[in-house]
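Below, chains carry the letters A, B, ... as their sequence lines are ordered, and counting in each starts from 1. Remember, it's a predicted structure, so these values are computed and weren't measured experimentally. Worth knowing before you read on, the calculation uses all heavy atoms, side chains too, and leaves out hydrogens, waters and symmetry mates.
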There are 2 protein chains.
Amino acid sequence: MRQQTLEALKDKGFRLTKIRKLIIDVFFSNADAPISAPELRTHLLALDVKANKTTIYRELDFLSAQGIIVEINAGDGKKRYELDRFGHHHHILCLRCSAVECVAIEDCALEEQLSRVDLKNFKVTGHALNFFGICAGCSPCTEC
Amino acid sequence: MRQQTLEALKDKGFRLTKIRKLIIDVFFSNADAPISAPELRTHLLALDVKANKTTIYRELDFLSAQGIIVEINAGDGKKRYELDRFGHHHHILCLRCSAVECVAIEDCALEEQLSRVDLKNFKVTGHALNFFGICAGCSPCTEC
DNA sequence: TTGACAAATGCAACCCCGTTGCAATACAAT
DNA sequence: ATTGTATTGCAACGGGGTTGCATTTGTCAA
């Protein structure tokens with residue numbers, strides 16, 4: 001999957017630079033946790049790669065344009081990105097540590113119901129459903 | 001309603017300054033369109049009142065703390081505020097002009113369904129459902 | 001009406017996320 | 001090895017938002 005992604009880019013005439021490959025790696029190894037630009041930069045630093053923030057933003061735009069990742073909005077005003085290989089789903093944001101996870105809505109008729117909402121003459125192109133709360137890591141203590 | 005709001009503030013020992021009264025006016029006269037801090041500033045300028053942006057942000061915090069307005073997230077990363085006198089509802093954002101409107105979800109079982117979603121050990125405290133699209137004003141032409 | 005005190009405001013400086021123009025670098029094909 | 005262009009870095013900027021501190025202004029009591 002990762003290898004196919006790289007080859008597809010190369011076939012289209014784009015270069016497989018060190019940073020680009022590493023960024024793709026980060027996405028493949030954090031598949032269910034959307035990543036923001038600053039977070040991505042930190043991930044790279046942990047791999048001893050310091051990338052200019054401009055590069056990060058441009059690469060995220062590039063990978064989005066190539067359909068490899070998609071921008072998601074988790075409700076806290078920061079853009080995050082995740083691999084574009086999952087179906088439509090939603091997200092949950094930890095209000096304490098800002099971690100975001102994907103939430104699959106399995107069996108429910110939510111999507112269908114949404115189509116019946118009165119949307120005030122808007123041409124609706126999409127929606128986002130975000131949950132907020134405290135993640136398991138941030139509330140380990142049952143009595144508090 | 002507006003008058004009651006002002007008196008309630010005064011009873012609590014807060015001052016009814018020119019800017020504060022005008023801001024409250026803006027909220028009451030734009031009741032179904034959540035407003036951001038920069039937008040609010042523009043509204044005031046249109047009334048020949050130039051308020052420092054710090055004042056705007058502090059006043060929004062203040063009115064939120066007093067339960068007069070609530071912060072909402074429309075999915076574009078900018079904080080907006082609206083009067084806290086409506087029940088739970090959602091929002092729709094115009095991707096072209098960034099206007100936001102409230103969307104009432106009348107009869108559906110959405111809320112109930114949400115409670116059955118698998119939320120990965122999060123303690124869920126809330127959710128936000130945002131729609132995206134193009135508003136009537138931004139797509140007046142039916143053939144394009 | 002006038003003080004006087006606290007609430008509210010303005011100002012300047014700062015932080016963070018994100019963007020843009022332009023020069024420098026590095027990939028990949030020849 | 002050379003070359004053309006994709007990519008990167010740098011510097012500067014912009015918007016949204018915050019903080020500390022000095023100044024102004026509501027309000028109330030004398």
Side-chain angles (χ1 to χ4, degrees), chain A residues 6-24 26 34-45 47-66 68-69 71-81 93 97-98 100, chain B residues 5-26 34-45 47-66 68-69 71-81 93 97-98 100:
Chain A
L6 295 178
E7 281 163 17
L9 284 180
K10 195 161 193 174
D11 289 347
K12 291 189 203 170
F14 299 111
R15 296 180 185 165
L16 301 184
T17 62
K18 185 175 61 175
I19 289 181
R20 177 163 295 161
K21 283 186 284 189
L22 281 173
I23 289 178
I24 290 173
V26 169
I35 302 173
S36 69
E39 281 163 8
L40 176 54
R41 217 176 167 197
T42 305
H43 276 272
L44 293 181
L45 277 179
L47 300 171
D48 280 316
V49 174
K50 50 172 184 267
N52 190 279
K53 68 173 176 173
T54 308
T55 302
I56 299 286
Y57 285 110
R58 280 198 282 234
E59 197 61 26
L60 289 172
D61 285 346
F62 170 80
L63 294 176
S64 296
Q66 295 306 315
I68 295 170
I69 59 177
E71 178 187 322
I72 65 112
N73 175 290
D76 65 346
K78 281 152 196 162
K79 291 181 183 175
R80 287 183 179 77
Y81 298 84
L93 166 73
C97 73
S98 295
V100 174
Chain B
T5 301
L6 294 178
E7 282 164 16
L9 284 180
K10 195 161 193 173
D11 289 347
K12 291 191 206 168
F14 299 110
R15 295 179 186 167
L16 301 183
T17 61
K18 185 175 58 173
I19 290 180
R20 175 163 295 163
K21 283 186 282 189
L22 281 173
I23 289 178
I24 291 172
D25 282 349
V26 169
I35 302 173
S36 68
E39 281 164 8
L40 177 53
R41 215 174 168 200
T42 305
H43 275 273
L44 293 182
L45 277 178
L47 300 171
D48 281 316
V49 175
K50 50 170 185 268
N52 189 278
K53 68 172 177 173
T54 308
T55 303
I56 299 286
Y57 286 108
R58 280 198 280 235
E59 197 61 26
L60 289 172
D61 285 346
F62 170 80
L63 294 176
S64 296
Q66 296 306 314
I68 294 170
I69 59 177
E71 177 187 323
I72 65 113
N73 175 291
D76 66 345
K78 282 151 196 163
K79 291 181 182 176
R80 286 183 179 76
Y81 298 83
L93 166 73
C97 72
S98 295
V100 173

CG (A:Leu40) and CG (A:Leu45) are apart, to the nearest 0.5 Å, by 10.0 Å
Value for NZ (B:Lys50) from CG (B:Leu44), rounded to nearest 0.5 Å, stands at 12.5 Å
Inset, instruction - Start with the C-alpha gap between A:Phe62 and A:Arg58, add the side-chain angles, then the distance that decides, and say whether side chain to side chain contact (heavy atoms under 4.5 Å, CB included) holds. - result: CA-CA 6 Å; A:Phe62 170 80; A:Arg58 280 198 282 234; over 6 Å; no
Rounded to whole Å, the NZ-P distance (A:Lys79 to D:dG16) equals 14 Å
CD of B:Gln66 to CD1 of B:Ile24, rounded to nearest 0.5 Å, is 10.0 Å
Rounded to the nearest 0.5 Å, the CG atom of A:Leu22 sits from the CG atom of A:Leu47 at a distance of 6.0 Å
Value for OG (A:Ser98) from CD (A:Glu39), rounded to nearest 0.5 Å, stands at 8.0 Å
Here the pair of heavy atoms bringing A:Asn73 nearest to B:Gly75 is ND2-O, 2.7 Å
Between CG of B:Leu45 and C1' of C:dG10 the distance, given in whole Å, is 15 Å
Q: For A:Lys50, report the nucleic acid contact type (base, sugar-phosphate, nothing); a contact means any heavy atom under 4.0 Å.
A: sugar-phosphate
Separation of D:dT18 atom C1' from B:Ile56 atom CD1, nearest Å, is 15 Å
CD1 (B:Ile56) and CG (B:Asp61) are apart, to the nearest 0.5 Å, by 11.5 Å
Separation of D:dA6 atom P from A:Lys12 atom NZ, nearest Å, is 15 Å
Whole-Å distance, A:Lys78 NZ to C:dT19 P, equals 15 Å
For C:dT19, does OP1 or OP2 lie under 4.0 Å from any side-chain N or O of A:Tyr57? no
Within residues 59-66 of chain A, the residues having a heavy atom closer than 4.0 Å to DNA chain C are none
Q: Report the C-alpha separation of B:Arg20 and B:Leu9 in whole Å, then their side-chain angles, then the decisive distance to 0.1 Å, and conclude whether the side chain to side chain contact (heavy atoms under 4.5 Å, CB included) test is met.
A: CA-CA 10 Å; B:Arg20 175 163 295 163; B:Leu9 284 180; 4.1 Å; yes
Checking A:Leu63, A:Leu60, A:Ile23 against A:Tyr81 for side-chain contact (heavy atoms from CB on, under 4.5 Å), the one that qualifies is A:Leu60
For nucleotides 10-14 of chain D, tabulate all protein N/O to nucleotide N/O atom pairs closer than 3.5 Å, reporting atom names and distance.
| residue | atom | partner | partner atom | Å |
| --- | --- | --- | --- | --- |
| D:dC10 | N4 | A:Thr54 | OG1 | 3.2 |
| D:dA11 | N6 | A:Thr54 | OG1 | 3.2 |

Every protein N/O within reach of nucleotides 26-30 of chain D N/O, cut-off under 3.5 Å:
| residue | atom | partner | partner atom | Å |
| --- | --- | --- | --- | --- |
| D:dG26 | N2 | B:Arg15 | NH2 | 2.6 |
| D:dG26 | N3 | B:Arg15 | NH2 | 3.2 |
| D:dT27 | OP1 | B:Leu16 | N | 2.8 |

Between NZ of B:Lys21 and P of C:dA7 the distance, given in whole Å, is 18 Å
A:Ile19 atom CD1 is separated from D:dA6 atom P, nearest whole Å, by 18 Å
May I have the step-by-step check of side chain to side chain contact (heavy atoms under 4.5 Å, CB included) for A:Leu93 and A:Arg80, ending in yes or no?
CA-CA 12 Å; A:Leu93 166 73; A:Arg80 287 183 179 77; 4.3 Å; yes
Here the distance between atom C1' of C:dG18 and atom CD of A:Glu71, to the nearest Å, is 11 Å
